[in-house]
Amino acid sequence: MNILAPSILSADFGNLGHQLKLLDEAGAQYVHIDVMDGMFVPSISFGMPVIRSLRPYTGRIFDVHMMVEEPGRYVEAVAEAGADIITVHAEACTHLDRVIGQIRGCGKKAGVVLNPATPLTALDYILDQVDMVLLMSVNPGYGGQKYIPYVTKKITELRERIRKRGLTVDIQVDGGVTLSNAEELIRAGANVFVAGSAVFQGDIKENVKRFLTILEDNSEHPQTAAEEEVRR
Ligand code: DX5
Ligand code: ZN
């Protein structure tokens, strides 16, 4: 199933609760919440108190992307604040296996993120322990950047690895996702789509609906080039 995860980093922070309701009414399945510590990435965004305050505004899934050094220090607190999925950067964890265990121990879904230049081999020993892999398609830290084209091949390769191992792991893509490249990313094998500026610039509900139409129209698309070959 293809899922839209609007990133509230591009929202109006003075109106977050209201904007969350708009996303919900328009049908976006996840809320993507970018936590930044000013160390792993240059920016500082928001943390647990904001997540906790937003929780009553929607029943949608809170997908928390931790751009934080050693996020293991905060897993329990983020879980208690209302996260449903907690995603940590492989680059930020000295003990990645342990942090994934912590997330699962809290009863939450575990995601691992790779920066654009981090090879897929970082996932070799933990792929079967995670619910989702997030492939960054910009260097993290800011909204509104341009999609890095080589990530499309990385998505296809990861989908192939997941398929070969008989796993069902979601592939999320984050950074520079727009109405124009969403279909290409579905074809590559991604199924969870983060969009910040493309959702919050202009009419939020209209943008969400347009994204959902593309995601639904392409829901039956073969997930790998190999599968496409077989169908021919
Ligand atoms: C970037 C964040 C993204 C960001 C995406 O570091 O992880 O979630 O909000 O913004 P857009 O969709 O504008 O590239
Ligand atoms: Zn993000």
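Counting starts at 1 for both ligands and their atoms, in listed order.
- Listed by number with element, the atoms of ligand 1 under 4.0 angstrom from any heavy atom of Asp174 are 2 (C), 3 (C), 4 (C), 5 (C), 7 (O), 8 (O).
- In this structure, Glu160 pairs ionically with Arg163, as a charged nitrogen and a carboxylate oxygen lie closer than 4.0 Å.
- Against a heavy-atom cut-off of under 4.0 Å, Ala195 is close to the following atoms of ligand 1: 12 (O).
- For His65, the N/O/S atom at the shortest distance from the Zn ion (ligand 2) is named ND1.
- When each atom of ligand 1 is checked for a heavy atom of Val194 under 4.0 Å away, the hits are 8 (O).
- Ala11 approaches Leu16 most closely through the heavy-atom pair CB-CD2, 3.7 Å.
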Going through the checks in order, is the side chain to side chain contact (heavy atoms under 4.5 Å, CB included) test met by Asn218 and Ile214? CA-CA 6 Å; Asn218 292 280; Ile214 297 173; 3.8 Å; yes
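- A donor atom on one side chain and an acceptor atom on the other are found under 3.5 Å apart for Gln172 and Asp63.
- In this structure, the protein non-hydrogen atom closest to atom 12 (O) of ligand 1 is Gly196 N, 2.8 Å.
- Remark: ligand 1 atoms within the under-4.0 Å shell around heavy atoms of Gly144 are 10 (O), 11 (P), 13 (O), 14 (O).
- Ligand 1 places these atoms under 4.0 Å from at least one heavy atom of His65: 7 (O).
- Each of the atoms 8 (O) of ligand 1 lies under 4.0 Å from some heavy atom of His32.
- Between the Zn ion (ligand 2) and the N, O or S atoms of Asp34, the shortest distance is to OD1.
- Residue Val192 comes nearest to Ala5 through the heavy atom pair CG1-CB, 4.4 Å, listed as atom of the first residue, atom of the second, then distance.
- Annotation: cation-pi pair Arg55/Phe62 present, NZ/CZ under 6.0 Å from the ring centroid and within 45° of its normal.
- Protein heavy atom nearest atom 6 (O) of ligand 1, with residue, atom name and distance: Gly141 N, 2.7 Å.
- The closest approach between Gly176 and ligand 1 falls below 4.0 Å for a heavy atom of the residue.
- Among heteroatoms of the N, O or S kind in Asp174, OD2 lies nearest the Zn ion (ligand 2).
- Protein heavy atom closest to atom 1 (C) of ligand 1, with residue, atom name and distance, is Tyr142 O, 3.5 Å.
- Residues Arg210 and Glu206 have side chains in contact (heavy-atom distance under 4.5 Å, counting atoms from C-beta outward).
- Residues Cys93 and Pro71 form a side-chain contact, since some pair of their non-hydrogen atoms from C-beta on lies under 4.5 Å apart.
- Protein heavy atom in closest approach to atom 13 (O) of ligand 1: Ser197 OG, 2.5 Å.
- Among protein heavy atoms, the minimum distance from atom 9 (O) of ligand 1 is reached at Ser7 OG, 2.7 Å.
- At the shortest separation from atom 10 (O) of ligand 1 among protein heavy atoms lies Gly143 CA, 3.5 Å.
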Does the pair Met132 and Val130 meet the rule for a side chain to side chain contact (heavy atoms under 4.5 Å, CB included), with working shown? CA-CA 6 Å; Met132 184 172 81; Val130 300; over 6 Å; no
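- Between Glu25 and Lys21 there is no salt bridge, since no side-chain nitrogen of the basic residue lies less than 4.0 Å from a carboxylate oxygen of the acidic one.
- No salt bridge links Asp24 with Lys205; every basic N to acidic carboxylate O contact stays at or beyond 4.0 Å.
- For Asn191 and Asn2, the side-chain atoms include no donor-acceptor pair closer than 3.5 Å.
- Against a heavy-atom cut-off of under 4.0 Å, Gly175 is close to the following atoms of ligand 1: 14 (O).
- Under a 4.0 Å criterion applied to the non-hydrogen atoms of Leu9, ligand 1 contributes the atoms 9 (O).
- Looking at atom 2 (C) of ligand 1, its nearest protein heavy atom turns out to be Asp34 OD1, 3.5 Å.
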